[in-house]
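In the text below, chain A, chain B and the rest are named by the order of the sequence lines, each starting its count at 1.
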Amino acid sequence: MTSRATLGEFEMLVMAAVLRLGDEAYGVPIRAEILRRTGRDVSPGTLYKTLRRLEDKGLVSSVVGEATPVRGGRAKVYYRVEGAGAAALRESVTGLTKMISGLRLGHRSP
Amino acid sequence: MTRPSPPLPLRRLLRLVTPPDLRAAIDGDLLEEFQRDAEDRGPVLARRGYCRKVCRSIWPLLTFEARWSDVPRIVATTLLCVVLVGKFSHALGRILESVVPGGPDSTVTVSAHIGIVLLIAPAVGYGASWLARNGGILTCALAGTMMVAPAVVALPNPGVPYWVVLMWIAMLPPALLAGAMLRMRSAG
């Protein structure tokens, strides 16, 4: 049994998006990345609630960025995946892969 | 040419339901998306998209665990307010008892001018307390007061009940206290 934090499906999506975006990971591009890759249109409330949960677990960290006129002078909050977060994501993906390997899920072959 | 802007009531609603530390981030994100949508698809569709996003965000934000971290402070503030109201009412009661013949069982005849002041004072206090967070609350408080004031001030024929006068005056200190705390919280 592992003592590491386990991730839910949506938490994995959010962390993967943050990892992909690197230094540009704040609310707007994170939601856009999830929409572009999975087709899921996530509400800002849901995204920030999940990010806060991940932050509380110590899996991501946030830093307040610059404010821009297009944002009405509101500052961006940038997120970064921490080492523990990357490990938790890797573990969750490995576990999921092991669970579904060999299953017939009804995918059509390309 | 002025920039299009999202519907103000919805923006205020969003600010009201968002935990204070995330307010700038979420409000800013939605404004940024709104401006981009307005350029790409026009202001009407942008406003529609904004409404949809806000409506979909309300429930997750209302059930945000972070909101409940303030419960002990809210309970402590409420208890403090109750004590404060009690003490203040008691002190006022003593003063009124000495002034009004008949004491607490009597009625106080309040002139229209004083009645309006009595009614507006707590409302202004509450309004000021919320001003740091949402100007709409001030409007609601004043509108409510304006609706209630004539009805209560019409009572002086038989006299305004003693406890009504006490209640209205006693509401002011906790309102100002709450205002001060909210301002400190939003500043911190």
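- In this structure, the portion of B:Leu30 lying under 4.5 Å from any heavy atom of chain A is its side chain and not its backbone.
- A donor-acceptor pair is defined here as one N or O able to donate and one able to accept, closer than 3.5 Å; no such pair exists between the side chain of A:Arg31 and the backbone of B:Asp29.
- When each of A:Ala67, A:Pro69, A:Gly72, A:Pro44 is checked for heavy-atom pairs under 4.5 Å with chain B, A:Pro44 comes out on top.
- Nearest approach of B:Arg56 to A:Ser43, heavy atoms of both residues: O-OG, 3.5 Å.
- The greatest number of non-hydrogen atom pairs below 4.5 Å with chain A, out of B:Leu14, B:Ile58, B:Val54, B:Ile26, is found for B:Ile26.
- Atom CG of A:Asp23 is surrounded by 12 or fewer heavy atoms from other residues, nucleotides or ligands within 6.0 Å.
- The neighbour count for A:Arg80 CZ, taken as heavy atoms of other residues, nucleotides or ligands under 6.0 Å away, does not exceed 12.
- Heavy atoms of other residues, nucleotides or ligands lying less than 6.0 angstrom from CZ of B:Arg52 number more than 12.
- Neither the backbone nor the side chain of A:Asp56 comes within less than 4.5 Å of any heavy atom of chain B.
- For A:Val64, no part lies under 4.5 angstrom from a heavy atom of chain B.
- B:Asp21 places a side-chain heavy atom less than 4.5 Å from the side chain of A:Arg52.
- Within the 4.5 Å cutoff, no side-chain heavy atoms of A:Thr68 are placed close to those of B:Gln35.
- Counting heavy-atom pairs under 4.5 Å between each of A:Ala32, A:Gly45, A:Gly73 and chain B puts A:Gly45 at the top.
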